[in-house]
Amino acid sequence: MSTVKAPRTEAHRTMRNRMSRVRLSSFGFYLAVGFLLALVIAAITQPLLVSLGLMYSPEQQDLLLRNCPPGIAPDGSFHLLGTDHLGRDVLSRIVRAAQFSLAVGALTVICSLVLGVVIGLLAGYYRGAVESVFMRLTDVFMSIPGLLLALFVLYVLGGGFVNVALVLALTRWPVVARVTRAAVLSLRERQFVLAAHTAGASQPRILFREILPNLYPSLVVLGTLEFTRAMLTEAGLSFLGFGIKPPEASWGLMLAQARPYIDSAWWLIVFSGLAITLTALAVNSLSGRVGMLVDPQLRSQIRTHARRRNRTVL
Amino acid sequence: MITPTRTRITAGVGLALASTLALVGCAAGTSPETSAEIDTLTVVTAAEPPTLDYAMSGLTGSYTFVAASIQEPLVRYDEDARTTTGVLATEWEWDGDLSWTFTLRDGVTFHSGDTLDAQDVVYSLQRYMDPESTVASNHSSLASVEAIDDLTVKITTSSPDPILDANLVRTYISSKDFAEGKDDSELASHADGTGPYALTEWARGEQIVLAAYDGYWGTAPSIGEVRVLFREDPSVRTSMVKAGEAQLAWQVSADDTSVPQMFDQKTTSVVMMRPNTISHPALSDVRVRQAMLYSIDQQQVADTLFDGVAQAVLGNQPVNPGAVGYVGDLKVWEYDPDLAMELLDEARADGVDVSAPITINPMGQGRFPRSAEFVEYAAGVWTEFGLNVTIEPLEPEQWVKLFLNPDPSSESVADMLYVDSDNPNMDFTRAGRFVYSKGAASLFSDPEIDELYSAAALKTGEERNAAFQEVSRALVPLVPTYNFGVLDRFHAASANLVWTPTAATDPDFANMSFD
């Protein structure tokens with residue numbers, strides 16, 4: 001027992017050093033996770049919180065409480081972030097807007113990932129005519145100014161949550177398709193694909209079970225970056241009056257509505273602006289780490305590492 | 001997203017400039033050079049006119065902003081006298097039936113050098129009556145125009161019109177020699193008229209420059225040159241006055257107390273919503289319409305959201321105070337949420353589809369401050385009462401299409417149009433557009449009202465006033481439109497600008513001067 005003890009303490013110490021270094025550098029990581037979790041939970045449970053009386057209803061208007069600064073309003077009610085131009089609680093509005101902003105981001109990413117990955121996989125794996133057609137198609141889509149296309153489509157179809165998400169997906173899938181195709185081009189020549197082929201695996205199996213998992217890390221990183229991008233574009237569109245329409249709430253719309261009061265009610269523009277910035281920052285800072293978590297190579301290394309260690313212990 | 005920053009910077013620079021300018025002003029004192037320097041009035045307004053051709057101006061207010069100084073109508077409305085006075089016409093007479101005779105002012109010349117004669121009037125009116133013209137609906141009562149001699153014009157109407165003179169207050173006369181042979185796009189950017197100012201330059205997207213016209217028949221204007229600039233954001237306009245970049249900022253927020261001078265102009269415009277009372281499943285029920293009014297605290301709106309924007313309307317009348325047919329002894333529509341709920345429940349119990357979707361269509365972000373905020377507020381209140389309300393702002397052209405000659409049987413008819421309806425001729429017939437079943441923008445029909453209305457429209461003087469007051473009172477329980485306020489306008493100006501605003505007129509640069 002005692003002969004084994006000394007080297008283990010040594011190993012333990014270096015491990016702890018590494019852990020502490022990781023923990024220090026990932027303080028921001030936990031902060032970001034915490035912020036996003038809080039935002040998502042608040043956004044999802046808002047109707048419940050409102051019915052329990054823990055939060056003001058985002059729709060509750062009171063003209064007597066127009067533009068009250070953060071703190072206690074003249075009628076004695078407490079508003080942490082103040083009230084807006086129709087006397088609605090700014091915190092509730094921000095949480096309500098989070099539902100739209102986050103949902104638009106998520107839906108956009110899902111749609112553009114599905115479309116882009118399928119097209120990228122087919123183009124990269126089959127090459128030839130399929131590749132030429134799909135890649136020229138992405139070239140065409142990438143050469144249309146995204147915001148312009150979005151403005152045009154929304155002008156014709158009208159705003160609203162689903163339309164905004166679909167339009168953004170339409171402008172962003174070519175990026176996903178290109179990244180996917182580039183990765184597939186190198187993966188299809190690798191030996192494990194050849195092995196699967198020789199073992200008689202079907203083409204869908206090779207595409208979706210062998211090649212696709214190796215794309216996860218880059219797709220997740222891309223997806224999170226695209227998520228912020230979609231969220232920011234949605235804010236921009238709503239600011240211009242083409243995205244989410246009042247009386248619905250969106251952070252971009254809140255900024256636009258706060259504009260006339262920029263010199264008389266700072267809290268309107270500051271808090272909705274902060275909501276956008278902090279969410280974008282949090283999601284971006286997560287992207288790299290989440291990518292590592294889903295990397296099959298890293299994961300298998302961790303697994304083999306753990307197995308080896310277990311064996312020595314046994 | 002650039003604009004807020006720019007506003008802030010402009011405001012900052014503005015403060016610095018304003019103080020510098022104040023110093024310069026003090027130093028210069030009353031030297032003759034100062035008055036020469038400020039012979040130019042720089043005005044900043046929200047929107048550039050799409051055209052300077054009245055026939056194509058549609059119903060956009062930005063047209064008259066500049067054109068009213070360049071061109072003149074036959075008569076204008078005098079608020080103090082509460083009647084029309086002559087501009088290009090000196091006398092006019094109604095024969096009691098279908099024909100009106102106008103005698104024109106002698107010796108009036110156009111900026112292009114042409115002399116005003118009956119042919120110019122005939123030519124102009126015929127262009128406006130042309131169904132192709134976007135203002136044809138304002139001249140729908142006209143049947144024909146003919147020149148009797150050089151200075152006499154006879155106008156025939158399709159039905160007796162005792163107030164034709166008042167209906168012509170915005171019918172601007174342009175020169176036939178000038179306009180003939182020019183195509184529409186050329187006329188849109190080149191205007192000829194008899195007004196106190198002539199158009200000297202129009203750099204699209206930048207500015208319009210007007211210069212005083214030497215040969216003007218009336219009193220020569222005191223300000224020699226007017227530059228008109230366009231800035232959409234009201235706070236930018238205010239900052240420009242503070243910075244000395246402009247001497248007059250048209251229609252700004254009344255909140256800002258740090259401007260050198262603020263003009264308060266009463267207007268004739270009523271903020272209203274026009275429901276489709278004919279074919280909408282919910283809005284065609286009078287109880288739903290009443291409930292929608294009972295659910296909004298109009299007095300509170302006037303005191304808070306519309307503070308410095310609009311006055312409350314008495315008894316949901318569709319006309320402004322001072323107009324023929326206005327009733328002064330009604331009360332502001334009562335706020336009674338319980339009654340509103342009761343009325344809605346009653347309607348629901350009778351099988352009315354109360355939750356049918358209602359789309360409110362404003363024109364863009366609205367043409368006055370807090371316009372969009374009010375729509376959002378009203379939609380919020382009505383949603384709370386269980387109605388299914390959404391807001392869909394429209395571009396001006398789309399909006400005008402829905403506004404004029406709505407067809408209740410068509411799919412595309414607007415559920416609820418958000419309008420600010422002005423009343424340049426100060427007559428109830430302007431509101432008749434909405435409440436008379438044959439009105440140009442009407443989605444309301446009631447045989448009794450139609451009878452009262454068409455009888456009143458034939459009367460003149462005090463009789464006319466009393467008859468239209470009766471229509472006003474009869475309309476109260478029927479709620480043909482929701483009327484939420486009579487607009488005030490606030491204009492920021494430099495301290496040395498002298499002007500007495502009047503309600504029925506567009507900006508009259510000729511009556512402005514520098515101290």
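Below, each value reflects all heavy atoms present in this structure, side chains not excepted, and no hydrogens, waters or symmetry copies. Please read all numbers here as calculations on a predicted model, not as lab measurements.
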Q) Residues in side chain to side chain donor-acceptor pair (under 3.5 Å) with B/Asp420, at least two apart? A)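 Listed in chain order: B/Arg367.
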Q. Should we say atom CD of B/Glu232 is surrounded by more than 12 heavy atoms from elsewhere, each under 6.0 Å from it?
A.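 Count not over threshold, so no.
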**Q.** CZ (A/Arg229) with more than 12 external heavy atoms under 6.0 Å
**A.**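 No, not enclosed.
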Q) For the side chain to side chain contact (heavy atoms under 4.5 Å, CB included) test, which of B/Thr304, B/Asp303, B/Asp297 pairs with A/Leu63? A)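 Only one of B/Thr304, B/Asp303, B/Asp297 forms a side chain to side chain contact (heavy atoms under 4.5 Å, CB included) with A/Leu63, namely B/Thr304.
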**Q.** Per-residue contact mode, B/Val375 against chain A (heavy atom under 4.5 angstrom)
**A.**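 Nothing of B/Val375, per the 4.5 Å heavy-atom cut-off to chain A.
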Q: Tell me, for B/Pro393 versus chain A, whether the close heavy atoms (under 4.5 Å) come from the side chain, the backbone, both or neither.
A: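 The side chain, not the backbone.
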Q | Distance in Å, B/Ser235 OG paired with A/Tyr261 OH, rounded so as to fall on 0.5 Å steps | A |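 The OH atom of A/Tyr261 is 11.5 Å from OG of B/Ser235, to the nearest 0.5 Å.
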Q: Could you grab the distance from atom OG1 of B/Thr383 to atom CD of A/Glu59, nearest 0.5 Å is fine?
A: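 B/Thr383 OG1 to A/Glu59 CD: 8.0 Å, rounded to 0.5 Å.
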Q) Is a side-chain donor-acceptor pair under 3.5 Å present for B/Glu376 with A/Gln61? A)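 Their side chains do not contain a donor-acceptor pair, so the 3.5 Å distance test is not met.
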Q | Residues of residues 75-96 of chain A near chain B, each having a heavy atom less than 4.5 Å away | A |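 A/His85, A/Leu86, A/Arg88, A/Arg93, listed by number.
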